[in-house]
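Note that this is a predicted model, so its numbers are computed, not measured. Numbers restart at 1 for each chain; the letters A, B, ... are given by sequence-line order, proteins then strands.
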Amino acid sequence: MLDIKYLRENFEGAEKALASRGGKVDLSGFQTLDQRRRELLNEAESLKAEKNKVSTLIGRTKDKSQVQDEIARMKDVSGLIKGLDDQLRVVEEQLNELLMGVPNIPHEHCPVGISEEDNVEIRTWGEKPALKFAAKAHWDVGEDLGILDFERAAKLSGARFCIYFGAGARLERALINFMLDLHTDEHNYTETLPPFLVNRVSMTGTGQLPKFESDLFHTEDVDLFLIPTAEVPVTNIHRDEILAEKDLPLCYTAYTPCFRKEAGSHGKDTRGLIRQHQFNKVELVKFVRPEDSDAELEALLGNAEKVLQLLQLPYRVIDLCTGDIGFSAARTFDIEVWLPGQECYREISSCSNFRDFQARRASIRFRREGAKKPELVHTLNGSGLAVGRTLLAILENYQQEDGSVLIPQVLQPYMGGLQKIEK
RNA sequence: GGAGGAGUGGCCGAGUGGCUUAAGGCGGCAGUCUUGAAAACUGUUGAACGAGAGUUCCGUGGGUUCAAAUCCUACCUCCUCCGCCA
């Protein structure tokens with residue numbers, strides 16, 4: 001959510017900045033609603049002040065017959081207050097609805113553009129493997145080895161699911177452990193294991209609701225949602241809290257499965273592990289002081305890149321343009337891994353700075369040393385990494401002509417010493 | 001699922017309709033005393049909106065009343081016991 005004071009004072013500037021996202025953001029009505037709200041609030045509050053004053057007087061008067069006129073008058077005043085409060089509630093609801101649907105203002109360094117065509121490649125890392133044979137896509141590699149089974153998964157759950165077998169299942173587990181160990185031991189993140197089902201308030205706090213409900217799986221008899229990313233439960237850990245400055249930055253990592261309906265992506269990435277309704281991810285989440293968030297985003301991005309470097313998987317880093325960043329983000333870097341089977345780069349991590357956008361929705365604040373007033377923190381998160389996509393990148397990059405797949409060296413201890421997956 | 005009990009400031013806890021502006025304690029902060037510290041004593045110590053006056057917040061939403069932390073009501077959460085269960 002944007003700062004209502006900022007909107008009030010920089011209305012044109014905000015409109016212009018939001019227009020750089022491309023889509024239409026409708027702010028009309030804000031000024032009228034905001035003005036109306038303040039009028040109603042003023043009127044109601046001065047009546048309440050009078051009511052409190054007179055009521056105290058009535059309370060102090062022993063002989064109530066002396067204050068019958070006041071009691072009668074306060075009855076009317078109470079009625080007026082009730083009417084004003086009702087109107088105020090309606091106006092505030094409309095204003096809130098409007099504000100909850102407005103995306104974040106892009107960071108001033110975010111490249112301006114309207115689509116992914118305008119994203120900026122910042123760097124590439126690693127050598128694309130020089131295969132002396134026609135690279136297979138991971139779904140062929142995996143099915144031929146008997147470690148991935150999409151057909152039977154469809155029998156259980158429909159399209160966009162997968163069953164892992166044997167060394168495939170273990171490789172997924174190895175990757176999760178490897179990533180968690182790296183981020184906790186080397187990068188100083190605290191491991192958390194949060195709930196995979198969360199309530200409506202949590203989903204609203206990070207920005208998935210109210211706008212994107214159709215992307216989420218929802219439970220039928222209680223009002224809970226399956227998390228689409230660990231960002232939601234982990235960021236909400238500190239919802240409605242005031243943190244101490246000395247505790248910042250707070251850095252958490254979490255493994256969770258993620259559940260997405262993928263509505264609107266019919267026909268896209270229908271084969272393989274790229275786009276599943278359920279996938280595993282190790283997430284990185286930070287709560288930081290506002291002045292640190294730019295540097296913390298770079299650091300978080302570096303932590304995610306480290307995973308690919310240790311796995312020796314070639315990748316590039318993309319600076320997303322204003323038209324391509326997500327609803328809640330002010331700045332986003334994507335990491336895209338090279339997939340020889342498909343001869344393209346595919347997103348494997350998305351690292352974002354949300355500034356105070358989520359913190360305001362979720363009321364996550366901190367108090368500076370010696371300061372009286374609390375301030376909003378900045379929140380950041382990024383995948384470190386998407387596990388299924390990492391597994392498929394290994395299958396494609398480490399495939400051999402005979403159909404086997406080598407295990408990256410850093411993963412071998414997690415695979416019981418296994419060096420190669422073969423039939 | 002059944003039966004009870006409970007939700008008050010950072011924490012504990014008093015408060016059953018009106019000088020409650022939420023007592024008291026703990027913790028935190030500052031000061032006095034001290035070579036320094038501890039102890040003791042004194043003071044101070046929640047959040048939101050508002051330029052300010054002020055208003056709101058005692059789990060949440062409704063309601064009763066001139067007046068609600070206090071009464072009514074629905075819901076949420078936690079605890080205890082029973083049942084079921086990995």
Side-chain angles (χ1 to χ4, degrees), chain A residues 1-10 30-31 33-100 193-205 209 218-225 233 236-248 250 257 287 356 358-377:
Chain A
M1 192 159 77
L2 299 179
D3 183 2
I4 193 161
K5 281 184 210 160
Y6 168 84
L7 263 187
R8 209 176 273 156
E9 287 156 21
N10 307 282
F30 168 76
Q31 285 165 316
L33 283 170
D34 181 47
Q35 174 119 22
R36 182 85 186 115
R37 176 180 161 271
R38 288 195 286 170
E39 283 166 8
L40 287 167
L41 200 61
N42 245 305
E43 215 176 320
E45 287 193 348
S46 48
L47 283 177
K48 281 177 186 174
E50 195 194 352
K51 183 194 77 175
N52 287 345
K53 214 174 279 173
V54 176
S55 286
T56 308
L57 184 78
I58 294 170
R60 284 183 191 166
T61 309
K62 289 256 161 63
D63 181 3
K64 299 293 186 230
S65 68
Q66 289 180 359
V67 287
Q68 283 313 305
D69 289 355
E70 274 81 0
I71 290 180
R73 196 160 61 83
M74 284 308 105
K75 197 174 181 131
D76 293 343
V77 170
S78 269
L80 287 175
I81 291 174
K82 202 167 175 267
L84 289 170
D85 276 347
D86 286 346
Q87 289 180 60
L88 190 62
R89 196 172 316 128
V90 172
V91 169
E92 284 188 333
E93 238 164 63
Q94 291 170 344
L95 190 61
N96 196 46
E97 200 178 310
L98 188 146
L99 287 175
M100 282 302 203
L193 184 57
F196 305 155
L197 288 163
V198 301
N199 58 28
R200 201 167 274 278
V201 182
S202 298
M203 282 293 183
T204 307
L209 290 180
H218 182 252
T219 56
E220 213 170 85
D221 45 0
V222 283
D223 192 22
L224 291 174
F225 297 87
N236 276 281
I237 288 174
H238 294 298
R239 171 156 50 80
D240 294 323
E241 289 186 18
I242 299 173
L243 306 166
E245 182 179 22
K246 66 174 164 53
D247 294 334
L248 301 183
L250 276 169
F287 302 82
D356 61 11
Q358 293 181 325
R360 185 172 296 105
R361 288 178 161 239
S363 185
I364 308 170
R365 294 172 291 172
F366 78 107
R367 202 189 314 271
R368 286 186 197 275
E369 231 56 71
K372 200 167 158 56
K373 280 244 153 211
E375 285 173 56
L376 294 168
V377 299

Side chains of A:Met74 and A:Ile71 in contact at under 4.5 Å (non-hydrogen atoms): no

Whole-Å P distance, B:G7 and B:A14: 9 Å

C1' spacing across the pair B:G62 / B:G13, given as an integer number of angstrom: 29 Å

d(CG, A:Leu95; P, B:C49) in whole Å: 14 Å

Interatomic spacing from CE in A:Met1 to CD in A:Gln358 - rounded to 0.5 Å: 13.0 Å

Geometric class of the A:His218/A:Phe225 ring pair [parallel <30°, tilted 30-60°, perpendicular >60°]: tilted

Note, A:Arg73 side chain near A:Val54 side chain (heavy atom, < 4.5 Å): yes

A:Asp85 with A:Arg89: basic N within carboxylate O range, under 4.0 Å: no

Nucleotide of B:A67, B:G50, B:A48 approaching A:Lys5 most closely (side-chain heavy atoms): B:G50

5' precedence on RNA chain B between A:Ile4 and A:Ile242 (nearest-nucleotide basis): A:Ile242

Integer angstrom distance from the C1' of B:A23 to that of B:G9: 13 Å

A:Arg365 CZ - B:G46 P separation (whole Å): 14 Å

Phosphate OP1/OP2 of B:C49: any A:Arg38 side-chain N/O under 4.0 Å: no

Under 4.0 angstrom between A:Thr56 side-chain N/O and B:C19 OP1 or OP2: no

Nearest heavy-atom neighbours spanning A:Arg361 and A:Met100: NH2-O, 2.5 Å

Atom pair distance, as rounded to whole Å: CD in A:Glu9 and C1' in B:A51: 12 Å

For atom CZ of A:Phe366 and atom P of B:A47, their distance in whole Å: 14 Å

Steps toward side-chain hydrogen bond (donor to acceptor under 3.5 Å, both in side chains) verdict (A:Ser55, A:Asn52): CA-CA 5 Å; A:Ser55 286; A:Asn52 287 345; 5.8 Å; no

Euclidean distance, atom CG of residue A:Leu41 to atom C1' of B:G52 [Å, nearest integer]: 14 Å

C1' gap between B:G54 and B:U44, integer Å: 24 Å

Sugar-phosphate, base or nothing in reach of A:Arg8, heavy atoms under 4.0 Å: sugar-phosphate

Atom pair distance, as rounded to whole Å: NZ in A:Lys246 and C1' in B:G28: 11 Å

Secondary-structure string, 5' to 3', Watson-Crick or G-U under 3.5 Å, | for another-strand partners, for RNA chain B: ((((((((.[[[..)..(.....]]]((((((.......))))))((((....)))).[[[[[..)....]]]]])))))))....

Phosphate OP1/OP2 of B:A67 contacted by A:Lys53 side-chain N/O (<4.0 Å): no

Value in whole Å for how far the P atom of B:A68 lies from CE of A:Met74: 13 Å

Euclidean distance for C1', B:A86 against B:G4 (whole angstrom): 27 Å

Heavy-atom side-chain proximity of A:Gln87 to A:Glu43 below 4.5 angstrom: no

Nearest-Å distance once atom P is located in both B:C26 and B:A40: 9 Å

Rounded C1' spacing from B:U56 to B:G5 in Å: 31 Å

Residue A:Ala49, side-chain atoms from C-beta onward, closest of B:A67, B:A53, B:U55: B:U55

Other residues, nucleotides, ligands: >12 heavy atoms within 6.0 Å of A:Glu97 CD: no

B:A47 phosphate, OP1 or OP2, under 4.0 Å from A:Arg367 side-chain N/O: yes

Proximal nucleotide (of B:C66, B:A47, B:C49) relative to the A:Pro374 side chain: B:A47

C1' gap between B:U32 and B:A38, integer Å: 15 Å

Shortest non-hydrogen contact from A:Pro233 toward A:Val198: CB-CG1, 4.1 Å

Contact state string [nucleotides 56-65 of chain B, B base, S sugar-phosphate only, - no protein heavy atom under 4.0 Å]: S-----SS--

pair A:Val201-A:Arg239: side-chain heavy atoms closer than 4.5 Å: yes

Euclidean distance, atom CD1 of residue A:Ile81 to atom C1' of B:A67 [Å, nearest integer]: 11 Å

